[in-house]
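Letters go in sequence order (proteins before strands), and every chain restarts at 1. No hydrogens, no waters, no symmetry mates; every other heavy atom, side chains included, goes into these values.
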Protein chains: 2
Amino acid sequence: MKIVALAGGIGGARFLRGLRAAEPAADITVIGNTGDDISLFGLRVCPDLDTVMYTLGGGIDEEQGWGRRDEAFTVKEELLAYGVGPSWFGLGDRDFATHIVRTQMLAAGYPLSAVTEALCDRWKPGVRLIPMTDDQVETHVVVDDPEHGRRAIHFQEWWVRLRASLPAVTIAPVGAADAKPAPGVLEAIRDADAVLLPPSNPVVSVGTILGIPGVRDAVAAKTVVGVSPIIGGAPVRGMADACLTAIGVETSARAVAEHYGAELLDGWLVDDADAATAAEGVEGVAVRSRPLLMSDPAATEAIARAALDLAAELAGAAG
Amino acid sequence: MKIVALAGGIGGARFLRGLRAAEPAADITVIGNTGDDISLFGLRVCPDLDTVMYTLGGGIDEEQGWGRRDEAFTVKEELLAYGVGPSWFGLGDRDFATHIVRTQMLAAGYPLSAVTEALCDRWKPGVRLIPMTDDQVETHVVVDDPEHGRRAIHFQEWWVRLRASLPAVTIAPVGAADAKPAPGVLEAIRDADAVLLPPSNPVVSVGTILGIPGVRDAVAAKTVVGVSPIIGGAPVRGMADACLTAIGVETSARAVAEHYGAELLDGWLVDDADAATAAEGVEGVAVRSRPLLMSDPAATEAIARAALDLAAELAGAAG
């Protein structure tokens, strides 16, 4: 069985761990968001790719959901002692090594997809992890800054430093329109038995991946099942509501399904708290409700199982 | 009083600490060797400059004489876990930050002298530290490798990995012939009341600095006092004997003085173990013997004091 999942960071990575447990024999390809990549200290940092890689490879800090376990911040503190920041982005010592290796390989001319494959040689995530594109795409956020007026800032500055406290006027994945899917992305989607949308941020994670020219159409041609990242009108974690508000979408499980649209989505899993959505239905989309809190590995595996079952049911109905 | 010192790494740095203590009001300019600089992991590492900066700035690992105190090697271990080496060069986590800042500034177009000044803003070494040149000079060593035949390797590979176990056929400061002294180097020498040669390696540290076009002549025009790095026929630390052998110079206090030459050197301090050299004299050079082991700060200060006294005596005799 061939499965493709489009993944952002923490929520996506945890879902993927459940997916791998639910279907150990499956051939899983993960298309990772690179829109929140950032260059810091001359190093290329790919937070979402690394969160997937560390989570599936057993290196993640389980408590915080990102970064390495048993992490110290000596290098960062020393950089700050030189007056070199930013202070608001948490790069740990172990994590630094990943970025140093990546930056060296990129400087040597390897595309990000090859770099990611090389890094995964160490972590053995049990899935094939491909960045959505080898081209540079960076999500920028336009805000009305009380001090500096309207300006565009890097997504990470908005997300991590400001904690999305300034409303986003626009969220723009700079470079996306001219980006090409990385080698293997379209092929994996084409060959997939099902495409899953984990409970990642529908705007700045899954939305950014779908925005790479060619990806949305390729995905829409398949049996697609999504897992709602919104439970009872609020994001399970993160600040997806701030992103949804920026694009004029209500923070609800139903609204996210409607935003993805019936052209893309075949099935949609919502939490029991949103059972009304399942009862009323979303036009053109099969909606099911079940517990969606990824509270432990067993619960997460059951959610992934439910998504696969729904995909199989819908593929059977279509075939 | 204006003093210039040409410094390599550990021995030079310790002597400089004694010099600063001996003459706290003096205006001291240190011209640092950059011939053992190396690029590792995409980062520019300047071991001698950093040893001087850390030693005078209070950040040095006193036990080993190089690198930072309270150091861990997490980043290096993680790099090795990715299969990225070399394993033989010890870059600690705190040290990494220095190289990251330096590399970023160099990439931004700042010359090494400006970068060094910026790094020293943090360390406040109490001296002006200038690299010998802003141009890239790297000492390479030609060896007869039993496996690979005759080949040139970076000085650090010879020194750190091989511990100078293969005899050096040639020691070549690549780029030195075309290098220009960094801004301030010739001016500092010209304005100095005395130029001191600390007990650094006479070949790959002091010799490399003197090999930058214009430096030897500028130094030779001044009152110059050197401190022998050889005590009783052996280097106090390091493997200076391997370097001296490579250039056909005997490992003795007298031979090093003769190698520097009376055109350059006015005074030469040797250890009491080499009192015979003082008794016999070296033609054209005033030789004095005294204890030269920099066993503690007081002993080191006394050595620096003796070098300054000899310089004053010789300057007085000349004037």
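Contact detail for B:Tyr82 and A:Leu119: the closest heavy-atom pair is CE2-CD2, 3.5 Å. Minimum heavy-atom separation, A:Leu79 to B:Ala97: CD2-O, 3.6 Å. Taking all atoms of both residues into account, the shortest heavy-atom contact from A:Asp93 to B:Val75 is O-CG2, 3.4 Å. The heavy-atom pair separating A:Ala81 from B:Arg122 by the smallest distance is CB-CZ, 3.3 Å.
In this structure the side chain of B:Val101 never reaches within 4.5 angstrom of the side chain of A:Phe41, judged on heavy atoms.
In this structure, B:Glu117 places its CD atom where only 12 or fewer heavy-atom neighbours from other residues, nucleotides or ligands lie under 6.0 Å away. Other residues, nucleotides and ligands contribute over 12 non-hydrogen atoms within 6.0 Å of the CD atom of A:Glu157. Atom CD of A:Glu62 has more than 12 neighbouring heavy atoms from other residues, nucleotides or ligands inside a 6.0 Å radius. Within 6.0 Å of atom CZ in A:Phe73, more than 12 heavy atoms from other residues, nucleotides or ligands are found, so the atom counts as buried in its surroundings. Open room surrounds CZ on A:Arg163; 12 or fewer heavy atoms of other groups in view lie less than 6.0 Å from it.
A salt bridge links B:Arg68 to A:Glu78: at least one charged side-chain nitrogen sits closer than 4.0 Å to a carboxylate oxygen.
Here the CG-OG1 distance, from A:Asp95 to B:Thr74, works out to 12.5 Å after rounding to the nearest 0.5 Å.
For B:Thr98, the parts lying under 4.5 angstrom from a heavy atom of chain A are both the backbone and the side chain.
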